[in-house]
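Everything on this sheet refers to the single structure shown next.
Note on naming: letters A, B, ... go to the chains in the order of the sequence lines (proteins, then strands), and numbering restarts at 1 for each one.
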Amino acid sequence: MDITKIIEPLNDAQRQAVTTPSSAALILAGAGSGKTRVLVHRIAWQIRVEGLSPHNILAVTFTNKAAKEMRSRIEELLNLPTHTLWIGTFHSLAHRLLRRHARQAKLPDTFQVMDSSDQLRIIKRILNSLGLDEAKWPAKQLQWFINAQKDEGIRARHSQETKDPYQQQMLAVYRAYEDYCDRSGSVDFAELLLRVHELLRDNDDVLAFYQQQFKQVHVDEFQDTNTIQYAWLRLLTRENHNLFVVGDDDQSIYGWRGAKIENLYHFQKHYPDHQLIKLEQNYRSTGIILKAANQIISQNGGRIGKDLWTDAGEGELISIYSAFNELDEAYFVVERARAWVNQGGMYSDIAILYRSNAQSRQFEEKLMATNIKYQVYGGLRFFDRAEIKNALAYLRLMSNHNDDASFERIVNTPTRGIGASTLDVVRQIARDQQISLWNATEFIIKEKRLSARASNALQLFLKLVSELVVSSSDLELAEQVKLIIERSGLLAFYKQDKADKGEEKAENLEELVNAAKLFDANQENPDNLSELDLFLAYAALEGGDSQADDFEDHVKLMTLHTAKGLEFKIVFLVGMEEGLFPSQQSVDDISRLEEERRLCYVGITRAMRKLYLSYSESRRLYGRESYPKPSRFIREIPIDIIEEVRIRAHVSRTLVTPVVKNERLYVGSEYKLGQRVRHDKFGEGVILQIEGSGQQERVQINFKQVGLKWLMSAYAKLMVDI
DNA sequence: TTGTTCCAGCTTTTT
DNA sequence: GCTGGAACAA
């Protein structure tokens, strides 16, 4: 038994966490402090030393990536396959439990997992059938409402009577949505969690069984759990307090989607016997970078509190660049990236991190113009692509004829002469008789409710799907998929579509066959469930990677949220401006502002060797030019670890080139102090100040309607003849 | 049924 | 100022 391998590579705090005899433990793990390592070694310790069977260990993560990594690291450490170890995301574990106990969870055996776009589709349909105006009742908002209710464990019937007509209407939609889900056997993401909670809460035998089975429960990124997730963790560990959680209150950045940082505080109350261990030694960044991170995060209130330290030395100062405009900012970043590579570095050492996706563009353009390879992370995942979802919808409809979302999706894809008016009739009948679209279609054909042509088209569609069921029943999964994309006409449809990247979409469909093959080969299926259903759930729950691995050396671009958990030698944190980061929507609310600050902390702590911050003095956003102030987060960094980059030599080049053709128009000022002018939007006003010249000239105007404004003369289109 | 035009919206994202 | 989706026309 090789205990040294488990214990040796750890520092004192890590070792304490890994070997703690206490059942309940809270490991407060700072950025880069070896959080995953602790979890991996802890589980290995329990198997090797405490003699637990892998089967008795549950470990929950938020992403499939984290789950996969943890499993493979445990296998590597123990040199032992661990397929009996219960490790996975909250959602995939919930799915597994619901498949096992479908009946007790009051679900049909064939229930299907729908993703958020399926959900949105259904909600739109419901809004429509309730006769609600989409302009006044945006489907997105209803979706948000429903998910938020579910995340809090609230069913439509639980909500107290409310007098507020707005609230009443939302609840009515929620109720109708629940009805639909029950009828069609569809389960959305939030429902997976809520169902499991109800399953455990209402079935003593099931709860006792799993309490018995899971001798130790581990949770990664505990600060990101929501109410319902924590509720089922509590149920599972109610008897033995065998809950080991790892988290960092300073890295909670998902409050806006229901994560409850409070769960960390509640944990301390609910498990009074817990051990609190802080991991504060950082193995990633330089002393300077940590100093900046510590200083910024210390501005937040209500922290449990910790300070990161390293024995790796101070490292380089943090460089701050103040750009003229966003083009100049991109220029700066690309120049520095190039310099790094010229000194022997790799482009893959570099990450450009921004607050919002819209910011990626300027960098992409500059990188492309400079012939530097880059990749934007995040975005559409493989199983989210329209063509893939269409193919899956065929499979889903084959598996469950009552899946209205899939029915709607493919009934006329590829086009087969089933138009909107025909579908309106189908929907109407489905609604009146409370039956699925499939059954309504059968009814229509039998009762001859439509013209021969429409009826015929519908008939052909039903026949197509039914025949696919028959002819694919004996095939392997991948063969099934292949048959479906061919016989449904999808493949041909995309192949002949020259305009809309049809080629690529056809290729993706073929890739889906591969994905099915791979899934087939790796599938464990211990509970012997329908393979097709498992594949469909896999597609909904895993989504696939957003891009294929690119082995070429490239710069990485991503949002700060996406960067969480990653590390890079060189980090450019760009767009450090008030209104952008922190985001305008967050500046007036202290708790949201603190979340922005945590996001900044996350961003800074991604950097291993060198951190660059940049902001722009002028920024074009949503078609408007703005003159943002540098982000308050910059001011929160101690001045002595900052160096301002002052290279303006190249700036004239970037600035002058695009501007030249207008320059001439604005030699000297067109305006005088006190002059009366009129503006398209702001109406009439008087010029109070003039600053700068040429393209950079700004005028301050006192408008009758809206008061004082600074405007760029070049863009303001002021009328003077009044 | 397709192509066009119009119009709102515009943080962050996983499952 | 751009994008995606919906409404509209041919």
Side-chain angles (χ1 to χ4, degrees), chain A residues 60-67 88-95 113-121 124 128 134-135 138-141 144 147 150-151 187-194 196 221 224-226 228-229 252-259 326 353-362 377-381 383-384 386 412-422 457 497 499-500 537-546 558-565 575 579-587 592-593 595-596 598-600 602-603 619-626 715:
Chain A
V60 200
T61 64
F62 275 86
T63 65
N64 293 296
K65 202 173 143 210
T89 64
F90 276 100
H91 292 86
S92 67
L93 292 166
H95 175 250
V113 181
M114 55 177 172
D115 67 19
S116 14
S117 61
D118 299 332
Q119 186 188 32
L120 189 65
R121 221 180 178 69
K124 276 186 183 160
N128 219 285
E134 266 227 49
K140 277 258 168 69
Q141 210 162 304
W144 186 87
N147 288 335
K150 290 190 179 190
D151 284 346
V187 174
D188 62 50
F189 289 137
E191 183 72 27
L192 284 168
L193 305 173
L194 180 50
V196 164
E221 306 276 18
D224 288 337
T225 51
N226 65 28
I228 201 76
Q229 287 162 337
S252 160
I253 56 175
Y254 286 113
W256 52 274
R257 65 175 198 213
E326 68 273 3
L353 308 183
Y354 36 79
R355 176 66 236 267
S356 79
N357 286 305
Q359 289 168 257
S360 75
R361 212 166 148 156
Q362 64 204 35
Y377 287 71
L380 259 200
R381 296 167 311 161
F383 286 106
D384 284 339
N412 201 31
T413 316
T415 47
R416 47 174 72 88
I418 302 174
S421 50
T422 304
D497 181 6
D500 219 18
Y538 164 83
L541 290 171
E542 304 240 342
D545 290 323
S546 53
M558 66 187 90
T559 64
L560 287 158
H561 283 89
T562 307
K564 184 168 167 221
L580 198 58
F581 187 36
S583 144
Q584 192 56 49
Q585 287 99 313
S586 303
V587 290
R592 295 179 68 176
L593 182 67
E595 183 154 311
E596 296 275 323
R598 292 193 291 269
L599 193 55
C600 184
V602 166
R619 181 173 296 274
R620 204 184 195 88
L621 202 64
Y622 303 139
R624 288 208 172 278
E625 197 91 14
S626 62
Y715 298 100

Reckon [X] has a side-chain N or O less than 4.0 Å from the OP1 or OP2 of [N]?
{"X": "A/Arg598", "N": "B/dT12", "answer": "no"}
{"X": "A/Tyr377", "N": "B/dT12", "answer": "no"}
{"X": "A/Asn357", "N": "B/dT12", "answer": "yes"}
{"X": "A/Ser583", "N": "B/dT12", "answer": "no"}
{"X": "A/Thr562", "N": "B/dT13", "answer": "yes"}
{"X": "A/Arg381", "N": "B/dT15", "answer": "yes"}

Worked check of side-chain contact (heavy atoms from CB on, under 4.5 Å) between A/Val60 and A/Leu93:
CA-CA 8 Å; A/Val60 200; A/Leu93 292 166; 3.9 Å; yes

Scan [X] against the nucleic acid and name what it touches under 4.0 Å (heavy atoms): base, sugar-phosphate only, or nothing.
{"X": "A/Asp224", "answer": "nothing"}
{"X": "A/Ser116", "answer": "base"}
{"X": "A/Phe62", "answer": "sugar-phosphate"}
{"X": "A/Gln359", "answer": "nothing"}

salt_bridge(A/Arg598, A/Glu595) N-O dist < 4.0 Å
yes

Salt bridge flag under 4.0 Å for residues A/Asp115 and A/Arg381
no

Please report the C-alpha distance between A/Phe581 and A/Leu599 in whole Å, then the side-chain angles of each, then the deciding distance to 0.1 Å, and finally whether the side-chain contact (heavy atoms from CB on, under 4.5 Å) criterion is met.
CA-CA 9 Å; A/Phe581 187 36; A/Leu599 193 55; 4.1 Å; yes

Round to a whole Å and report the spacing from [atom1] of [X] to [atom2] of [N].
{"X": "A/Asp188", "N": "B/dT13", "atom1": "CG", "atom2": "C1'", "result": "16 Å"}
{"X": "A/Leu353", "N": "B/dT13", "atom1": "CG", "atom2": "P", "result": "12 Å"}
{"X": "A/Tyr354", "N": "B/dT11", "atom1": "OH", "atom2": "P", "result": "16 Å"}
{"X": "A/Trp256", "N": "B/dT13", "atom1": "CH2", "atom2": "P", "result": "6 Å"}
{"X": "A/Arg355", "N": "B/dC10", "atom1": "CZ", "atom2": "P", "result": "14 Å"}
{"X": "A/Lys140", "N": "B/dT12", "atom1": "NZ", "atom2": "C1'", "result": "14 Å"}
{"X": "A/Asp384", "N": "B/dT15", "atom1": "CG", "atom2": "P", "result": "10 Å"}
{"X": "A/Lys124", "N": "C/dA6", "atom1": "NZ", "atom2": "C1'", "result": "9 Å"}

Integer angstrom distance from the C1' of B/dT12 to that of C/dG5
22 Å

Pairwise P distance, C/dG4 and B/dT13 [rounded to whole Å]
16 Å

Taking the six-membered ring for Trp, are A/Tyr254 and A/His561 parallel (under 30°), tilted (30 to 60°) or perpendicular (over 60°)?
tilted

Check every atom of [options] against the side chain of [X] and return the nucleotide holding the closest atom.
{"X": "A/Tyr254", "options": "B/dC10, B/dT15, B/dT13", "result": "B/dT13"}
{"X": "A/Arg620", "options": "B/dT12, B/dT14, C/dG1", "result": "C/dG1"}
{"X": "A/Arg257", "options": "C/dC2, B/dT14, B/dT15", "result": "B/dT14"}

Anti versus syn assignment for B/dT11, with syn defined as within 90° of 0:
syn

For side-chain contact (heavy atoms from CB on, under 4.5 Å), just list the numbers for A/Asn412 and A/Thr422, CA-CA rounded to whole Å, side-chain angles, deciding distance to a tenth of an Å, and then say yes or no.
CA-CA 11 Å; A/Asn412 201 31; A/Thr422 304; over 6 Å; no

Would you give the length of the straight line joining atom CD of A/Gln584 to atom OG of A/Ser626, rounded to the nearest 0.5 angstrom?
10.0 Å

Spell out yes or no: do the side chain of A/Arg592 and the base of B/dT11 have one donor N/O and one acceptor N/O closer than 3.5 Å?
yes

Reading DNA chain B from 5' onward, which residue's closest nucleotide shows up sooner: A/Thr415 or A/Asp115?
A/Thr415

Could you say whether A/Ser586 or A/Asn412 is positioned toward the 5' end of DNA chain B, judged by the nucleotide with the nearest heavy atom to each?
A/Asn412

